[in-house]
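For the single chain, residues carry numbers from 1 onward in sequence order. Just so it is clear, the structure is predicted and the values come from calculations on it, not from any experiment.
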Amino acid sequence: MTLPAPPSPTPTGVAIQFLGAAECVTGSCILVSCGPARVLVDCGMFQGPKTLKALNYEPFPFDPATIDAVVLTHAHIDHSGLLPKLVRGGFRGPIFATPPTRDLCAVMLADAAELQAMDVENLNRRNERRGLPVVTPIYGPADVAATLRLFETAKLRQPVAVAPGVEACFWPAGHLLGAASVELVLASASDTTRVMFSGDVGALAQHLLPAPDGPSPTQHVVLESTYGDRERPALEPGRRRDILTEELRQARAAGGPLLLPVFAIGRAQELLLDLLVIMESNPDLAGEIFLDSPLAIEATDVFLKRGWNPDSQSNPYLPLQHAERIHELLRPQESDTLDRLRGWHVILAGSGMCDGGRIRRHLKRLLWRKETTVLMTGHQAVGTLGRVLVEGQDLVRIQGQDVRVRANIRSIDAYSGHADATGLVQWLLDRAPTGTIFLNHGEPDGLAGLARRLEAASLPTNRIITPALDESYGLGADEVQAAAASRPRLPQGAAGRQDWHNRRAGFLGLLNDVLQEISDDDARTRLLAELTRQVKVARRQTTVDGAAATTVTLP
């Protein structure tokens, strides 16, 4: 494996390298160097297209044993999910995080190890049938236990030394319980450089969490861009419940279950609270709620312990403690009992982008039923099953099987944990940056949209950089130097493309529909023969040229 080129040195000896969440919204990982010190900001798992997820199984583009410390912004798996792999590879330094983040990681990383074991077992069963090589999990429970022993908790707004010449200060980000933005102060013999990492910024008007905050002024900023091209109306809790109430009413009228793919940490707890309030005030919508996510169940216990409101000193999650309507399903056997249910009920299961977990089993058994409603409540990254469903594809591939989509696919944006474009611009203006602004953690449209908004806000465009995966920059007080070009782990743009396997499912669905519409058997035979011929041509060209470029002309 060819490692990405290191950054060009600057007089301060400070450099930054974007090893994840570049032109995509997963795999957050940034390597910061200050003289001999090397610190990672986040170490997240790639999600979405198989092209991206394959990076989880490849070696890190650095030696884990050379990393002095990790600074973790929050517990979501796309920011924390590869920490056990880092430890397995030889990392032995401290992992700095807020106390809630440490508690949530204890349940999230253990869950990730268990899911990997199950997914790999299923995949290897299919691979053996197809004569393909077997794979092993990225890490296991022992690696998670070793990782948790390295955590050191940090208090908000109190600087802490994390490595020689590197100091970190955590600020509330509002995105999730315990989530933080982090400013690193990097001291060298010649100068001091400050870099502010936004992490995931929550909406400026929070319902259950403190508003995002940070130092002002700061110098260089790395800013997330998930919703950089979108605006959302500010919603009071009552208005948000009104939107969810209408979705429940439509799903109830359809005659079947409501399936809610949820992020187990944060989104699940907020939805459960609102479902309880809605069903209490609308008896016609009352029904059983099944929380089919061991991770969400364990995370709820952390929210009950840590989720106090700093303004009122009360815990808004307490109604979840003794809610008889909510049925928690811990074991897979309990999940299987839902197969027999008919009529109105609500199922919450992870993952939120339908990219793994128990939600895929529910989708496989429910998507073909017209009375089912699937409601997406958050961002669906390019290449995820959730994105494919929202875009209207009528045949999808789940766990090696093609499934026809007849369910009602709905989407609302009232529960996002991310600030919208206006919120991101305001957060940045409040930081009053004097240096370069790096845009990451966004898909191409989000990155471009936020760059346009920042330009309109009178921030010079020559100070805005959108790094590609593995790109490096040397940082000075008043200058930024790009590293010499190197071969990245993925071609530029590959992170934002849909995987071929769901395109294949969509194509096969279309082909089947076309064949059904053709009444003449001879015409069907001619169509299949021509497609077969041209596929063989494309296959030969791929073998010779490495890429097929065939124009298919249907008879």
Side-chain angles (χ1 to χ4, degrees), residues 111 114-126 129 247-248 250-264 267-268 271-272 275 287-297 326-378 380 384-411 499 501-502 504-506 508-509 512-513:
D111 180 77
E114 184 177 343
L115 284 176
Q116 285 176 57
M118 291 189 297
D119 289 346
V120 165
E121 181 182 356
N122 292 332
L123 175 62
N124 283 339
R125 220 172 7 244
R126 298 199 299 270
R129 287 197 298 267
E247 294 295 336
L248 291 179
Q250 291 188 37
R252 179 79 169 84
L258 172 63
L259 186 54
L260 286 165
V262 294
F263 298 96
R267 188 75 41 79
L271 281 164
L272 285 170
L275 286 169
E288 301 304 301
I289 302 170
F290 298 91
L291 180 57
D292 191 16
S293 169
L295 174 59
I297 293 167
I326 298 175
H327 306 279
E328 297 180 339
L329 309 182
L330 280 168
R331 297 177 298 164
Q333 298 91 320
E334 296 174 302
S335 178
D336 292 341
T337 63
L338 301 184
D339 290 358
R340 298 190 294 270
L341 284 182
R342 294 294 182 268
W344 173 241
H345 56 281
V346 180
I347 301 171
L348 293 87
S351 69
M353 293 188 285
C354 310
D355 212 34
R358 295 185 183 181
I359 191 66
R360 295 175 75 85
R361 187 179 186 285
H362 292 300
L363 289 169
K364 190 163 66 172
R365 71 180 180 86
L366 291 173
L367 273 178
W368 61 273
R369 290 167 52 182
K370 293 182 179 179
E371 67 271 22
T372 299
T373 300
V374 180
L375 178 61
M376 308 296 181
T377 59
Q380 305 297 315
T384 60
L385 178 58
R387 180 70 162 260
V388 170
L389 291 171
V390 168
E391 290 176 345
Q393 188 163 303
D394 63 0
L395 189 74
V396 295
R397 194 161 182 82
I398 304 175
Q399 296 175 336
Q401 296 183 21
D402 293 334
V403 181
R404 180 67 71 175
V405 181
R406 294 191 177 94
N408 307 292
I409 308 299
R410 304 281 299 170
S411 181
D499 275 332
H501 70 295
N502 268 317
R504 167 191 172 277
L508 291 178
N512 185 65
D513 291 343

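- More than 12 heavy atoms of other residues, nucleotides or ligands sit less than 6.0 Å from atom CD of E371.
- Between R360 and C354, the shortest heavy-atom contact is NH1-O, 2.6 Å.
- Residues L329 and L338 have side chains in contact (heavy-atom distance under 4.5 Å, counting atoms from C-beta outward).
- The line from CG of D292 to OG of S335 is 3.5 Å long, rounded to the nearest 0.5 Å.
- In this structure, the separation between CG on L363 and CG on L385 is 6.0 Å, given to the nearest 0.5 Å.
- No side-chain donor-acceptor contact under 3.5 Å links T372 to the backbone of P257.
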Checklist entry - So V374 and N408, side-chain contact (heavy atoms from CB on, under 4.5 Å) or not? Walk me through it. => result CA-CA 6 Å; V374 180; N408 307 292; over 6 Å; no
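- Checking each of T337, I326, L341 against F290 for a side chain to side chain contact (heavy atoms under 4.5 Å, CB included) leaves exactly one that passes, namely L341.
- The NE2 atom of H327 lies 11.5 Å from the CD atom of E334; values are rounded to the nearest 0.5 Å.
- For the pair R358/P332, a side-chain contact is recorded, criterion being any heavy-atom separation below 4.5 Å from C-beta on.
- The shortest side-chain heavy-atom distance between T373 and I409 does not fall under the 4.5 Å cut-off.
- R342 is listed as a side-chain neighbour of R369, based on a closest heavy-atom distance under 4.5 Å.
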Item to check | Residue pair L395, V405: steps toward the side-chain contact (heavy atoms from CB on, under 4.5 Å) verdict | outcome: CA-CA 6 Å; L395 189 74; V405 181; over 6 Å; no
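- T384 and D355 form no side-chain donor-acceptor contact under 3.5 Å, judged by distance and modelled atom types alone.
- Separation of atoms CE (M353) and CD (Q380) is listed at 7.0 Å; rounding is to 0.5 Å.
- Remark: of the listed residues I359, L272, L258, L272 is the sole one forming a side chain to side chain contact (heavy atoms under 4.5 Å, CB included) with L348.
- When each of D394, L259, I398 is tested with L367 by the rule side chain to side chain contact (heavy atoms under 4.5 Å, CB included), just one qualifies, namely I398.
- For the atom pair CG (L375) and OG1 (T377), the distance works out to 6.5 Å, reported to the nearest 0.5 Å.
- Using a cut-off of 4.0 Å between Lys/Arg side-chain N and Asp/Glu carboxylate O, D336 and R365 are scored as not salt-bridged.
- Between atom OG of residue S293 and atom CG of residue D111 there is a gap of 6.5 Å, rounded to the nearest 0.5 Å.
- At distances below 3.5 Å, not a single donor-acceptor pair connects side-chain atoms of R410 with backbone N or O atoms of M376.
- Annotation for H362 and A349: closest pair CD2-CB, 4.1 Å, computed over non-hydrogen atoms.
- Side chain of Q250 to backbone of E247: no donor-acceptor contact under 3.5 angstrom is found.
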